[in-house]
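This one's a predicted model, so the numbers in the text were calculated from it and none came from an experiment. Computed from heavy atoms alone, side chains included, the values below leave out hydrogens, waters and symmetry copies.
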Amino acid sequence: MKGALIGCGFFAQNQMHGWAGIDGVEIVAVCDRDPARREDTAARFDARPYADAAEMLAAETLDFVDIATTVASHRSLVELAAQSGVHVICQKPFAETMEDARAMVAAVDAAGRTLMVHENFRWQSAVRAAIEAVRGGAIGTPFFGRVSFRSGYDVFSGQPYLATDPRFIIQDLGIHILDVARALFGDVATLSATTRRINPAIRGEDVATVLLEHGSGVTSVVDCSYATKRQPETFPETLLEIDGDSGTLRLDAGYRLVIQTDGEEARDVAPPVLPWAERPWHNIQESVQIIQQHFVDCLRSDTQPETSGHDNLKTLALVEAAYRSAADRSRIDMRAPEWT
């Protein structure tokens, strides 16, 4: 199975390492407008470098493309890939608007190809262990959950554009945390949100709290912060608290999964540090390879990925609704035609 990477920036290097660890897959070409980035990535991973995505797609025989660019370029690149007849895995956030997202999904559908969004947080092995425990009935039927990511880690040094975007934490991080809530508790019926900007050196919000009422009857709180100063620093861990009618589940700092019913079961669900990975990023780096393997497995079995383009429309709708709710202090009905 032959693929190509479009975008050779900071996070894309994880994707290249991830692909290198998957049997039967080869990234044969990379594309980036920056000559230094594309030449360096191509040299390190033995791929052919291109400056233009259309030229690359015309010249190469590909099964899929991995789009690892910033969000403004996603629609044009996804539509180009669809026109070229290849499968697509696209970095999050998937789109700037719901209109763009729906257009991309429709374009890939029309081409008869598969589209998956790189929502890797639900594929982190520790989070996945919690998801599987909940889905398996370990605590009975859930009725309350908290999905939390709070940190003071400097994410701006590696990705400086994050400090200049008028939208920050919900669009960049909250989208993942909202997706984890959906993976745990199902689709959302209503949403309300608040945001704050604590760091004066950035344009967007760095704190967000979202209250969700799920169709399953679960109430969940999604809270995100890059303004939380504490030791030990828990970046980049997602922490969970879930109450069910038969017990409780917690994913605590340090990757400790605790399930309490009549007794208590505690498990170490710490992710491995892959040979190319480094702490503290290793949980995210491992999840990149896991989600890529899921994409490949779905292509081989002709099944839809768990985070397909169609599925991600629902997560993206939560992001857009959260910004609207925070702006006008409203409670959003996610079942309204605007959001479905």
Please check if any side-chain donor atom of [X] sits under 3.5 Å from a side-chain acceptor atom of [Y], or the reverse.
X      : Y      : value
Glu241 : Thr248 : no
Thr190 : Glu213 : yes
Ser151 : Glu233 : yes
Ser148 : Asp223 : yes
His310 : Asp109 : yes

Any salt bridge (Lys or Arg N to Asp or Glu O under 4.0 Å) pairs touching [range], not counting sequence neighbours?
range            : answer
residues 306-317 : Arg122-Glu306, Arg122-Asp311, Arg128-Glu306, Arg135-Glu306, Arg182-Asp311, Asp187-Lys314
residues 12-21   : none
residues 43-53   : Asp40-Arg44, Arg48-Glu60
residues 273-285 : none

Salt bridge or not for [X] and [Y], using N-O below 4.0 Å?
X      : Y      : answer
Glu338 : Arg324 : yes
Asp179 : Lys92  : no
Asp32  : Arg38  : no
Arg267 : Glu265 : yes

Do Tyr161 and Phe156 make the cut of ring centroids closer than 6.0 angstrom? no

Can you name the closest pair of heavy atoms from [X] and [Y] and give their distance?
X      : Y      : answer
Ser330 : Ser192 : O-CB, 3.9 Å
His74  : Gln91  : CE1-O, 3.0 Å
Leu313 : Met98  : O-CE, 3.6 Å

Please identify each residue that fulfils ring pair (Phe, Tyr, Trp, His ring centres under 6.0 Å) with [X], with sequence neighbours left out.
X      : result
Phe64  : Trp19, Phe295
His214 : Phe185
Trp339 : none
Phe10  : Trp281

[atom1] of [X] to [atom2] of [Y]: how many Å apart, nearest 0.5 Å?
X      : Y      : atom1 : atom2 : result
Asn120 : Asn283 : CG    : CG    : 9.0 Å
Glu286 : Ile291 : CD    : CD1   : 12.5 Å
His282 : Ser125 : NE2   : OG    : 8.5 Å
His87  : Asp63  : NE2   : CG    : 6.5 Å
Leu57  : Leu77  : CG    : CG    : 8.5 Å
His17  : Ile27  : NE2   : CD1   : 13.0 Å

With sequence neighbours left out, which residue pairs that include part of residues 120-145 fulfil the ring-ring contact (aromatic ring centres under 6.0 Å, His included) condition? Phe121-His176, Trp123-His294

Quick one: name the residues clustered hydrophobically with Val207, using the 4.5 Å side-chain heavy-atom rule over I, L, V, M, F, W, Y, and just say none if it's on its own. Ile198

Sequence neighbours excluded, which residues qualify as side chain to side chain contact (heavy atoms under 4.5 Å, CB included) partners of Ser246? none

Stacked cation flag Arg167 on Tyr323, 6.0 angstrom / 45 deg: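 Yes; both conditions hold, so Arg167 lies above the ring face of Tyr323.
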
Can you tell me if Thr228 uses its side chain to pair, donor with acceptor, with the backbone of Ser225 under 3.5 Å? no

Would you say Ser287's side chain and Gln124's backbone share a donor-acceptor pair under 3.5 angstrom? no

Taking Pro93 as the fixed residue, which of Thr70, Ile170, Ile175 is the one that meets the side chain to side chain contact (heavy atoms under 4.5 Å, CB included) rule? Ile175

Excluding sequence neighbours, so at least two apart, what forms side chain to side chain donor-acceptor pair (under 3.5 Å) with Gln83?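 Side chain to side chain donor-acceptor pair (under 3.5 Å) check on Gln83 returns nothing, list empty.
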
Do Val296 and Val88 belong to the same hydrophobic cluster, where Ile, Leu, Val, Met, Phe, Trp and Tyr are linked whenever their side-chain heavy atoms lie under 4.5 Å apart, directly or via other members? no

Below 30° counts as parallel, above 60° as perpendicular, anything between as tilted: where do the rings of Phe235 and Phe149 land? perpendicular

